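Because the structure is a prediction, the values reported are computed rather than measured. FYI, side chains are in, hydrogens and waters are out, and symmetry mates aren't considered; it's all heavy atoms of this structure.
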Amino acid sequence: MARKASLSGFPEWLPGERLVELHVLDTLRRTFELHGFSSVETRAVETVGQLLRKGEIDKEVYGLSRLQGDEPATAEDPNGLALHFDLTVPFARYVVENAGHLNFPFRRYQMQKVWRGERPQDGRFREFTQADIDVVGDGSLPFKYDVELALVIAEALSALPIGDFTLRVNNRKLAEGFYRGLGLTDTAGVLRSIDKLEKVGPARVKELLMEELGATGEQADSALALAAIRTEDMSFVDRVRALGVEDELLEQGLDELSQVVSMAVRRAPGRVVADLSIARGLDYYTGTVYETVLVGHEQLGSICSGGRYESLATKGSRTFPGVGLSIGVSRLVSRMLAEETAVASRSVPTAVYVTLTNDDAWSEAQDVAAQLRARGISAEVAATAEKFGKQIKFADRRGIPFVWFTGSDGAHEVKDIRSGEQVPADPASWTPPAEDLEPRIVAS
């Protein structure tokens with residue numbers, strides 16, 4: 001977008017743009033709740049020690065301190081406070097602390113701001129909104145939830161005016177079993193190298209595998225051949241087996257990925273693909289991994305990602321495995337606004353502007369507005385009795401579609417200032433057309 005925020009990395013939307021964001025959030029909420037996910041909200045602040053359990057990302061964490069009296073929180077002080085940089089870490093704590101009050105498997109969605117101290121650029125912000133869904137079990141979690149979450153996300157994103165998207169799915173067991181079958185023991189290291197494919201290309205990844213992990217040229221080529229497999233159907237199974245690698249974990253991964261893809265072919269054709277280059281470098285993923293990109297805007301990066309984790313949260317001998325995905329709402333909305341794929345039909349909720357014949361008529365005008373509001377029609381009343389032409393122009397500038405007039409004889413009329421049509425109206429019964437009752441998000 002051409003308009004720049006006054007403080008880089010902290011987006012602030014204009015009212016019409018905010019309506020687009022609210023439409024995205026409402027659509028996601030509605031879809032998640034249709035599938036039985038409950039809403040939770042966690043505090044914005046966690047201890048530094050809790051946040052850094054996810055990995056070495058201390059440079060991205062915003063520590064908290066008062067202007068006077070406190071030393072800034074640092075990575076060396078695990079009890080210091082900092083803003084959460086995602087919703088997964090606070091959710092893991094939430095599950096542990098409330099395990100006695102939750103029914104498992106627990107289905108949750110969460111939409112909140114997060115803060116991350118990275119360099120602002122296209123689609124990357126220092127303050128942004130995420131929308132997460134997870135299913136968490138107590139001790140175990142059936143694999144069918146991995147399949148279900150892919151379908152839920154495909155349904156939710158399909159309901160948004162974002163154009164084509166691709167949900168790319170892989171399985172860490174498949175990849176780790178394949179590497180193990182090749183004789184590469186540092187499977188986590190191989191995954192981290194493969195995760196860099198889109199940034200540095202296959203030639204550089206091959207060098208990394210050979211230089212840092214001791215892979216032979218043949219082993220590196222095989223790892224890259226696996227990562228090159230991408231299909232919209234079940235043919236990925238035969239292509240993996242054609243590479244001639246055998247391993248028990250590989251077979252488990254193939255079976256699990258097959259369940260996701262086979263159901264997606266049936267329920268969300270063309271939306272979900274098996275993409276064996278998806279690695280998700282974070283170590284806590286243990287099975288299915290997901291990444292979602294907008295077709296034609298792949299350089300924006302993933303707008304939705306996640307996966308299966310077996311023990312992100314633990315409490316004594318209890319473990320809480322789960323599977324979840326996180327949607328980068330701010331990243332998605334910024335692209336929708338920049339490309340104008342969706343616009344609000346008007347930037348204000350007001351449907352009716354009640355005019356004043358004279359300043360003494362303000363109380364009666366409020367009575368009219370109250371009758372409209374009682375029936376769910378948003379209305380506002382003029383503050384001063386300017387000439388009707390000026391009152392109409394004011395409503396037009398605000399994007400309000402209807403103007404209400406009350407004559408000296410008490411008769412009411414309403415005018416559609418877009419068409420110019422003016423008709424008699426009763427404030428106790430008149431209703432605007434359904435499409436004008438509230439702002440709509442129009443796909444362009």
Side-chain angles (χ1 to χ4, degrees), residues 25 28-29 31-42 46 50-51 53-55 84-99 102-114 116 128-157 165 167-173 256-257 259-260 263-264 268 272 278-292 302-315 318-329 331-332:
L25 293 171
L28 296 177
R29 174 189 55 77
T31 304
F32 296 161
E33 291 184 356
L34 282 172
H35 287 267
F37 288 83
S38 299
S39 176
V40 305
E41 182 171 292
T42 57
E46 299 289 337
Q50 182 76 20
L51 290 173
R53 289 175 60 189
K54 191 173 178 180
H84 59 222
F85 57 84
D86 75 354
L87 300 179
T88 303
V89 171
F91 177 58
R93 174 193 54 76
Y94 178 92
V95 169
V96 169
E97 293 181 355
N98 295 283
L102 302 176
N103 294 312
F104 295 95
F106 177 51
R107 303 161 74 91
R108 148 276 199 186
Y109 77 89
Q110 187 172 350
M111 300 179 182
Q112 283 183 242
K113 295 278 190 182
V114 299
R116 192 171 297 177
F128 52 99
T129 300
Q130 286 188 336
D132 286 20
I133 58 169
D134 288 82
V135 181
V136 176
D138 186 356
S140 64
L141 185 71
F143 181 78
K144 283 294 187 289
Y145 288 112
D146 296 49
V147 182
E148 181 181 2
L149 257 66
L151 299 177
V152 172
I153 287 295
E155 180 180 328
L157 295 179
F165 64 88
L167 177 58
R168 303 152 70 186
V169 188
N170 195 6
N171 191 288
R172 291 285 283 263
K173 293 177 184 177
E256 290 183 356
L257 185 57
Q259 293 183 54
V260 176
M263 185 59 72
V272 180
I278 302 302
R280 302 295 298 153
L282 296 171
D283 292 340
Y284 61 77
Y285 290 123
T286 56
T288 309
V289 286
Y290 317 86
E291 283 194 356
T292 311
S302 178
I303 60 166
C304 174
S305 58
R308 158 76 69 142
Y309 44 86
E310 293 301 334
S311 58
L312 184 65
T314 60
K315 185 177 184 179
R318 296 171 70 183
T319 61
F320 301 95
V323 59
L325 291 102
S326 176
I327 299 174
V329 173
R331 174 177 292 190
L332 189 57

Between [atom1] of [X] and [atom2] of [Y], what distance do you get to the nearest 0.5 Å?
X      : Y      : atom1 : atom2 : value
Gln130 : Leu332 : CD    : CG    : 12.5 Å
Phe91  : Arg108 : CZ    : CZ    : 4.5 Å
Ser305 : Leu167 : OG    : CG    : 10.5 Å
Lys173 : Glu256 : NZ    : CD    : 3.5 Å

When you measure from the side chain of [X] to the backbone N and O of [Y], does any donor-acceptor pair fall under 3.5 Å?
X      : Y      : result
Arg107 : His35  : yes
Thr292 : Cys304 : yes
Arg172 : Ala279 : yes
Arg331 : Ser302 : yes
Gln112 : Thr42  : yes
Arg116 : Phe85  : yes

With a cut-off of 6.0 Å (strictly less than), are more than 12 heavy atoms of other residues, nucleotides or ligands near NZ of Lys315?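 Correct, the count exceeds 12.
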Kindly give the heavy-atom pair with the smallest separation between [X] and [Y], and that separation in Å.
X      : Y      : value
Phe37  : Asp134 : CE2-O, 3.6 Å
Glu46  : Arg93  : OE1-NE, 2.7 Å
Phe320 : Ala99  : CZ-CB, 3.8 Å
Ala313 : Ala92  : CB-O, 3.8 Å
Phe32  : Ala156 : CE2-CB, 4.2 Å
Leu141 : Pro105 : CD1-CB, 3.9 Å

What residue among Val323, Ile278, Val272, Ile153 forms side chain to side chain contact (heavy atoms under 4.5 Å, CB included) with Tyr290?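 Testing each of Val323, Ile278, Val272, Ile153 against Tyr290, the sole residue satisfying side chain to side chain contact (heavy atoms under 4.5 Å, CB included) is Val323.
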So if I apply the side chain to side chain contact (heavy atoms under 4.5 Å, CB included) rule between Ile133 and each of Leu28, Ile327, Leu149, which one comes out positive?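 For Ile133, the side chain to side chain contact (heavy atoms under 4.5 Å, CB included) check succeeds only for Leu149.
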Val95 versus Phe104: any side-chain heavy-atom pair under 4.5 Å?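 They are in contact (side-chain heavy atoms under 4.5 Å apart), so the answer is yes.
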Will you find, in the side chains of Tyr285 and Asn170, an N or O donor that is under 3.5 Å from an N or O acceptor?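 Result is no, nothing qualifies.
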We want to know whether Thr319 and Glu310 form a side-chain donor-acceptor pair, criterion being a heavy-atom distance below 3.5 angstrom.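 No, no side-chain donor-acceptor contact under 3.5 Å.
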Would Phe128 and Val329 satisfy side chain to side chain contact (heavy atoms under 4.5 Å, CB included), going step by step from the backbone distance to the final call? CA-CA 8 Å; Phe128 52 99; Val329 173; over 6 Å; no
With Arg308 as reference, evaluate Asp146, Thr286, Asn171 under the side chain to side chain donor-acceptor pair (under 3.5 Å) test and give the passing residue.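 Answer to the side chain to side chain donor-acceptor pair (under 3.5 Å) test with Arg308 among Asp146, Thr286, Asn171: Asp146.
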Would you mind checking if Lys144 and Glu148 are paired as a salt bridge, meaning a charged N to carboxylate O distance below 4.0 Å?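 No, this pair does not count.
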Would you call the rings of Phe106 and Tyr94 parallel, tilted or perpendicular, taking 30° and 60° as the class edges?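 Plane angle under 30°, so parallel.
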